[in-house]
S.K.: 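One structure, pasted below without further comment.
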Amino acid sequence: MEKAYQPKEVEDRLYQFWEQEGSFQGNADADNPPYSIVIPPPNVTGVLTMGHVLNNTIQDILARRARQRGFSTLWLPGTDHAGIATQTKVEQQLRKEGKNKYDLGREGFLQHAKEWRDKHGGIILKQLRKLGCSCDWERTVHTLDPDYSQAVLEAFVRLFNHGYIYRGKRMVNWCPVSRTALSDEEVIMKPQNGKLYRIRYELVDSPGEYLHVSTTRPETIMGDVALAIHPQDERWPSLKGRKVRRPLQPAEIPIIADEAVEKDFGTGMLKITPAHDPLDFEIGKRHHLEIIDVLEEDGTLNDLAGPEFSGMDRFEARQASVEKLRQQGDLIEEEDHANNVGFSERADVPIEPRLSEQWFLRYPRVEEAKRAVSEGFIRYFPERWTKTYLHWLENIQDWCISRQLWWGHRIPVWYRKGEPRNNPENWHVSLAGPEDPENWEQDEDVLDTWASSWLWPIATMGWPNPNAMKEQGLDYFYPTSALVTGPDIIFFWVARMIMAGLEFKGDPVDPQTKLSDEEIRKRIPFRDVYFTGIIRDSKGRKMSKSLGNSPDPLDLIEKYGADGLRYGIMSIAPKGQDIRFSEERIEQGRNFCNKLWNLSRFRHMADEQPHQSTLADILGRIDPVHLNQDDHAILLRLVQTLDEVDRLYSEYEFNSVLHSIYRFFWNDLCDWYVENSKPRMRGGQGKQTCLAVQDLCLRQVLLLLHPVTPFITEELWKVLGFSGGQSIQWNSPGTGMELHGLLQNAGIKPDPLALEEMLAIRELVTSMRALKAERNLANNNRVEFSYLCEDAKSKILDKHLSSLLSSVGAADLKRVKEAPVGMPALVTDFGSVYLDLASGIDIGAEKIRLNQELEALKKIILSIENKLSNSAFTEKAPTQVVEGAKRQLADNLAKRKETEDALRALS
RNA sequence: GGACGGCUAGCUCAGUUGGUUAGAGCGACUGGUUUACACCCAGUAGGUCACAGGUUCGAGUCCUGUGCCGUCCACCA
């Protein structure tokens, strides 16, 4: 074996081995219980980020652990076509070539985009293999695959037939750069420092008299159709029904009263521009006002804005209109104003509220979706996200699902040629299209990407084709066991998947019929949802390409190994908390792997001939007669650790899982058990038993770690002969209870007292080491010690004497009857230990140190005495707490006496 | 404006229903090649648990309020 672990020699080889063995295949026909996860499909043209590393490592841990425990496991991978994002990229690239999408035409553009996708796409799936992800690659799905596309359209048609989908001219969020409508969820509110302009409007029937109105958007004044005041605003008793003159594109517009106007904001008077503001649109509808749309789809002003502004960009027009108003004397005031402006998530420009014909979805199964989570059929980890989820559902708005793009699933609606499109009688909605296509034209728009990915858990497994569903095991694997994703897409994706599952899985149910709880259980797409944190850099900033603070995971794999990266990232991922990334943690992951490698190497070297060591072999090699207290203690800790890890996994406490394994492996096994084993390993009766106990611990550690660090554990599994010809993947660490049972059957009965003894002995060893270290005595300087203690404790100490001497690096530890004179001392729970020094101790310094200890003890004693003399405490506190305090007082009193003795002995 | 999360050692974080003297890793410092590992070992220092009240025999933990950081939601022009 190499002196240090070399991940590169291992990782590709083992990954290939697993794939060749077909380890990752999810088989629906197995006799085992199912465990399934669908991957949150990454953007097909994306590359691996640290966020993906975190997310997919967690999924891999869950999948591998399930495989170990005998579940028939499917981790289903795939990619998303990412409508706007991909189309934007392709268009950008076309622009570099001096072309645009209209040059190519719809078909040509799609062809081009597909080629581009196939060339640049799918990189991320290769990167996931590098990370060790155990996806069933043969089942990789892309949202634009023919079968998947059929599912998306089928869902549309079904929803349409059930009356959930309608077409309407409504206010939508319009992105002038992508030139498409967006859903509310794709709009990000950003605080902006803008201006609030106060404009005057002249009263028509009273020239020279003006009303003042505040606005942040003077460029839309030409679209004003009214001014509005609050009906109860006593400041303007007689305004209603009168008219004012619009200062740009002059026209007479009425003054109306509407409840929606805030009396206390600005001047209390609102200009109404129904075409360019959602609130104004609503008010306009209530008052049957005209709609004057002065903006084009690219954000420039049109002829309705007047010749001076026509063709001007909206921001340019803002300046120009302010200038014009100023010249006319209509601009009264201009002040700085902070407000929130909606930005397009993708194009990062302010969106325009815009009136347009779009397809909308009234969400199906909203009530059931609430119940699914509030009743715990679906469990959220951390649980607090349920509140966010429910709040969104309470206030749910219809979903604008049409996008003015080409890259995506084209809406399966045809219109009769030459007839008005807004009349449903001229619509044809189906998968196959009309029988006389020459008389129809298909809707030009595509569906929102999320209107395809919300079907992910069912459409990746053959839905709605009954044969495909059977073949791909939908009924077997569904509901999937766990979903791992970021809370940022709880509305985009998680909530919608739940509603899609409830609506589409199983037999169709008409909209009026509510689903029973039993039916909800069957239809939900997943049982547990684990929300990861967001990975931030060491300064707490979000990782982003523009900041350049996002490390390339592949570089990290190159440097520290995939296992090191996985261990590192998982060890710093507290449940649901954001994660501060630091490369040092990844380095620690690598160091951990190396430690594991070296303990294995040590074990390997102890036996010249590596043998096959199945669990039964190992247990058979343990002779109960030769078990000492160390053995008992480590076996107990092993049993404890197995249980602890199980419990922590059930709560998705991954970093605690690692911490628990770390403590057992590093602190208990390496630092204590193996160190204490060294004398026994030199030979003698206990050797074989000792090695077998090591084997058992090491074997279980490998099994526990395998989900987290799959490569190194598989390699060591073979090197150490644990495999019995079988991959580690198919072996479970089992529970603590199971192991305990196996030990009992083998005649091994771990002594519960051994652990307590061990801990006390450890404390003693630490004190003795400290006595040496403080005097700069090298570890291997075999000095002598004396100790003072009670008989009972002396007995325990005798049992451990030899390993204790070797751990400390001591030549002897003699029991004495009274405090030896002139020696440095430390007082422990076990009694007082004295370091035997021939000469040269600094009596003054020793006195100072002991006096400090004494002071600390006195303080503690005082506080316990106060507590115990307080009758309220002794009466009200539980007896065990009071007893504990009494014992504590006795211990500390004893320590005080010994410290005083030690002090006296110094003088 | 509303909701949620965080504030514990220099840094990153544990601390499970209130109950011994608040822990770990990293970093710092001191010493160390004893038959695995310097990607290691041994040891030392380092904390008014954000702040102010309250409940309690007892509060890092529960309640109220405040501050700072972060996230999400929301039609004040």
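Here the structure is a predicted model, which means the values were calculated and not measured. Just so we're on the same page: letters track the sequence lines, and every chain starts at 1. Values below: every heavy atom of this structure, side chains too, minus hydrogens, waters and symmetry copies.
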S.K.: If you look at every strand shown and take non-hydrogen atoms under 4.0 Å, does A:N339 touch a base, only sugar-phosphate, or nothing?
M.R.: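 Here A:N339 touches the backbone only, sparing every base.
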
S.K.: Which part of the nucleic acid, if any, lies within reach of A:A877 when heavy atoms closer than 4.0 Å are counted: base, sugar-phosphate only, or nothing?
M.R.: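 Base, at least one base atom sits under 4.0 Å.
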
S.K.: Round to a whole Å and report the spacing from CD1 of A:I188 to P of B:rA74.
M.R.: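 Atom-to-atom, A:I188 to B:rA74, this comes out as 13 Å.
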
S.K.: Check the distance between B:rA14's C1' and A:I579's CD1 and give it to me in whole angstrom.
M.R.: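 Atom-to-atom, A:I579 to B:rA14, this comes out as 15 Å.
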
S.K.: Check whether the side chains of A:S660 and A:E644 place a donor and an acceptor atom closer than 3.5 Å, and report yes or no.
M.R.: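 Yes, A:E644 and A:S660 have a side-chain donor paired with an acceptor closer than 3.5 Å.
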
S.K.: Could you check how far CZ of A:F531 sits from P of B:rU71, rounded to whole Å?
M.R.: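 After rounding, the reported distance stands at 18 Å.
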
S.K.: Hey, is the side chain of A:K271 poking within less than 4.0 Å of OP1 or OP2 on B:rA77, counting only N and O atoms?
M.R.: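 It does not, given that no N or O in the side chain of A:K271 lies less than 4.0 Å from OP1 or OP2 of B:rA77.
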
S.K.: Is it the case that the side chain of A:D578 and the backbone of A:I534 share a donor-acceptor pair, with hydrogens and angles ignored and the cut-off at 3.5 Å?
M.R.: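 Here the side-chain-to-backbone pair exists.
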
S.K.: For B:rG5 and A:R384 - does any side-chain N or O of the residue sit under 4.0 Å from the phosphate oxygens OP1/OP2?
M.R.: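 Answer is no, no contact under 4.0 Å.
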
S.K.: Taking any heavy-atom pair under 4.0 Å as a contact, classify A:D671: base, sugar-phosphate, or nothing.
M.R.: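 Counting heavy atoms under 4.0 Å across all strands, the contact made by A:D671 is with sugar-phosphate only.
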
S.K.: Below 4.5 Å, heavy atoms only, C-beta onward: do A:R637 and A:Y673 meet side chain to side chain?
M.R.: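 No, every pair of side-chain atoms sits at 4.5 Å or beyond.
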
S.K.: Expressed as a whole number of Å, how far does the C1' atom of B:rC49 sit from that of B:rU61?
M.R.: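 After rounding to an integer number of Å, I get 10 Å for this pair.
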
S.K.: Would you mind reading off the distance between A:H604 atom NE2 and B:rA36 atom P, rounded to a whole angstrom?
M.R.: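 The answer, rounded to whole Å, is 16 Å.
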
S.K.: Is there a donor-acceptor contact under 3.5 Å from the side chain of A:N870 to the main chain of A:N866?
M.R.: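 Such a contact is absent between A:N870 side chain and A:N866 backbone.
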
S.K.: Is there a donor-acceptor pair closer than 3.5 Å between any side-chain N or O of A:N598 and the backbone N or O of A:N594?
M.R.: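 It does hold such a pair.
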
S.K.: Is there a donor N/O on one and an acceptor N/O on the other, under 3.5 Å, for the side chain of A:D488 and the base of B:rU71?
M.R.: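 Counting by modelled atom types and ignoring angles, no donor-acceptor contact under 3.5 Å is found here.
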
S.K.: Which nucleotide, in any strand shown, forms a Watson-Crick or G-U wobble pair with B:rU16, with both distances under 3.5 Å?
M.R.: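 Its partner: none found.
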
S.K.: Roughly how many Å is it from CG in A:N594 to P in B:rC41, rounded to a whole number?
M.R.: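 Checked: the CG to P distance equals 11 Å.
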
S.K.: I'd like the P distance from B:rG23 over to B:rG67, given in whole Å.
M.R.: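 Their P atoms lie roughly 34 Å apart.
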
S.K.: Could you tell me whether A:T273 contacts a base, only the sugar-phosphate backbone, or nothing, with contacts defined as non-hydrogen atoms closer than 4.0 Å?
M.R.: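 Counting heavy atoms under 4.0 Å across all strands, no contact is made by A:T273.
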
S.K.: Whole Å only: how far is the CG atom of A:L648 from the P atom of B:rG15?
M.R.: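 Atom-to-atom, A:L648 to B:rG15, this comes out as 10 Å.
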
S.K.: For the P atoms, the ones on B:rG70 and on B:rG58, what distance do you get once it is rounded to whole angstrom?
M.R.: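 After rounding to an integer number of Å, I get 38 Å for this pair.
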
S.K.: A:F785 ring centre to A:K772 NZ or CZ under 6.0 Å, with the angle to the axis within 45°?
M.R.: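 Judged by the rule, A:K772 and A:F785 form no cation-pi pair.
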
S.K.: Compare the minimum distances between each of B:rG70, B:rU12, B:rC57 and the side chain of A:R580, then state the nucleotide with the smallest one.
M.R.: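 So the nucleotide nearest the side chain must be B:rU12.
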
S.K.: Quick one: which of B:rU21, B:rA77, B:rG25 gets closest to the side chain of A:Y662?
M.R.: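 Within the option list, the nearest is B:rG25.
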
S.K.: B:rC37 and B:rA42: how far apart are their C1' atoms, nearest whole angstrom?
M.R.: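 Going atom to atom, C1' in each nucleotide, I get 15 Å.
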
S.K.: Taking only the C1' atom of each, what is the distance from B:rU48 to B:rA59 in whole angstrom?
M.R.: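 So the two C1' atoms sit 14 Å from each other.
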
S.K.: Using OP1 and OP2 only, check whether a side-chain N or O of A:K895 sits under 4.0 Å from B:rU21.
M.R.: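 Checking B:rU21 against A:K895, no side-chain N or O comes under 4.0 Å of OP1 or OP2.
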
S.K.: Tell me which nucleotide, if any, is Watson-Crick or G-U wobble paired with B:rG65 when both distances must be under 3.5 Å.
M.R.: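 Result: B:rC51.
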
S.K.: Testing the 3.5 Å rule here: is there a donor-acceptor pair between the side chains of A:N193 and A:D336?
M.R.: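 Per modelled atom types, A:N193 and A:D336 side chains form no pair under 3.5 Å.
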
S.K.: Is the shortest side-chain N/O distance from A:N598 to OP1 or OP2 of B:rC39 below 4.0 Å?
M.R.: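 For A:N598, the contact criterion (side-chain N or O under 4.0 Å from OP1 or OP2 of B:rC39) is not met.
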
S.K.: Categorize A:P487 for me: base, sugar-phosphate, or nothing, with a 4.0 angstrom heavy-atom threshold over every strand shown.
M.R.: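 Counting heavy atoms under 4.0 Å across all strands, no contact is made by A:P487.
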
S.K.: In the structure shown, which nucleotide is the Watson-Crick or G-U wobble counterpart of B:rU34, with both distances under 3.5 Å?
M.R.: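 The base-pairing partner of B:rU34, which may sit in any strand shown, does not exist here.
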
S.K.: Using purine N1 to pyrimidine N3 plus N6-O4 or O6-N4 for Watson-Crick, or N1-O2 and O6-N3 for G-U wobble, each under 3.5 Å, what pairs with B:rG1?
M.R.: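 Partner of B:rG1: B:rC73.
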
S.K.: Classify the ring geometry between A:F592 and A:Y567 as parallel (under 30°), tilted (30 to 60°) or perpendicular (over 60°).
M.R.: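 Plane angle under 30°, so parallel.
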
S.K.: Output yes when at least one side-chain N/O atom of A:S582 is less than 4.0 Å from OP1 or OP2 of B:rC11, else no.
M.R.: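 No, no such contact exists.
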
S.K.: Does OP1 or OP2 of B:rC39 have a side-chain N or O of A:R590 closer than 4.0 Å?
M.R.: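 So the side-chain polar atoms of A:R590 never come under 4.0 Å of the phosphate oxygens OP1 or OP2 of B:rC39.
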
S.K.: Tell me: CE of A:M1 to C1' of B:rA36, nearest whole Å?
M.R.: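 Distance check: A:M1 CE to B:rA36 C1' gives 9 Å.
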
S.K.: Would the base of B:rC39 count as contacting A:K595 through its side chain, where contact means a donor and an acceptor less than 3.5 Å apart?
M.R.: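 Under the 3.5 Å cut-off, the side chain and the base do not form any donor-acceptor pair.
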
S.K.: Let's test this: given Watson-Crick or G-U wobble pairing with both distances under 3.5 Å, identify the partner of B:rU56.
M.R.: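 Check on B:rU56: unpaired, no WC or wobble geometry under 3.5 Å.
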
S.K.: Tell me whether the centres of the aromatic rings in A:F491 and A:W392 are closer together than 6.0 Å.
M.R.: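 When the ring centroids of A:F491 and A:W392 are compared, they turn out to be within the sub-6.0 Å range.
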
S.K.: Under 4.0 Å, counting only non-hydrogen atoms across every strand here, what does A:C593 touch: a base, just sugar-phosphate, or nothing?
M.R.: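 No contact.
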
S.K.: Strictly below 4.0 Å: does A:K772 bring a side-chain N or O up to OP1 or OP2 of B:rG32?
M.R.: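 Indeed not, no polar side-chain atom of A:K772 lies that close.
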
S.K.: Parallel, tilted or perpendicular: which one describes the rings of A:Y652 and A:F654, with boundaries at 30° and 60°?
M.R.: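 If you compare the ring of A:Y652 with that of A:F654, the planes turn out perpendicular.
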
S.K.: Under 4.0 Å, heavy atoms only, any strand: does A:R217 hit a base, just the sugar-phosphate, or nothing?
M.R.: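 Answer is nothing: A:R217 stays at 4.0 Å or more from every strand.
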
S.K.: In terms of the nearest nucleotide of RNA chain B, which residue is placed more toward the 5' end: A:S863 or A:K876?
M.R.: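 Here A:S863 is the residue nearer the 5' end.
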
S.K.: For A:H659 and for A:F491, find the nucleotide of RNA chain B with the closest heavy atom, then tell me which residue's nucleotide is more 5'.
M.R.: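 Taking each residue's closest nucleotide, the earlier one in sequence belongs to A:H659.
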
S.K.: Closer than 4.0 Å, any side-chain N/O of A:Q888 to the OP1 or OP2 of B:rU21?
M.R.: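 Answer is yes, contact under 4.0 Å.
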
S.K.: Heavy atoms only, 4.0 Å cut-off, all strands: where does A:F281 land among base, sugar-phosphate and nothing?
M.R.: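 Touches nothing.
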
S.K.: Base, sugar-phosphate alone, or nothing: which one does A:E262 contact when heavy atoms must sit under 4.0 Å apart?
M.R.: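 The answer is base, as A:E262 lies within the cut-off (heavy atoms under 4.0 Å) of a base atom.
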
S.K.: Determine which nucleotide pairs with B:rU44, using a 3.5 Å limit on both distances of a Watson-Crick or G-U wobble pair.
M.R.: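 Pair assignment: B:rU44 / B:rA28.
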
S.K.: Using a cut-off of 4.0 Å on non-hydrogen atoms, how would the nucleic acid contact of A:E675 be classed: base, sugar-phosphate, or nothing?
M.R.: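 Base: the residue A:E675, judged by heavy atoms under 4.0 Å, touches a nucleobase.
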
S.K.: In whole angstrom, give the distance that lies between atom CZ of A:R887 and atom C1' of B:rU21.
M.R.: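 Distance, rounded to whole Å: 15 Å.
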
S.K.: Please check the phosphate of B:rC41 (OP1 and OP2 only) for any side-chain N or O of A:W672 closer than 4.0 Å.
M.R.: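 No, no such contact exists.
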
S.K.: Measuring only the P atom in each nucleotide, how far is B:rG27 from B:rU64? A whole number of Å is fine.
M.R.: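 Going atom to atom, P in each nucleotide, I get 41 Å.
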
S.K.: What interatomic distance, in whole Å, is found between C1' of B:rA50 and the corresponding atom of B:rA9?
M.R.: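 Their C1' atoms lie roughly 15 Å apart.
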
S.K.: Given the C1' atoms of B:rU33 and B:rC26, what is the spacing between them in whole Å?
M.R.: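 Nearest-Å result for B:rU33 against B:rC26 at atom C1': 24 Å.
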
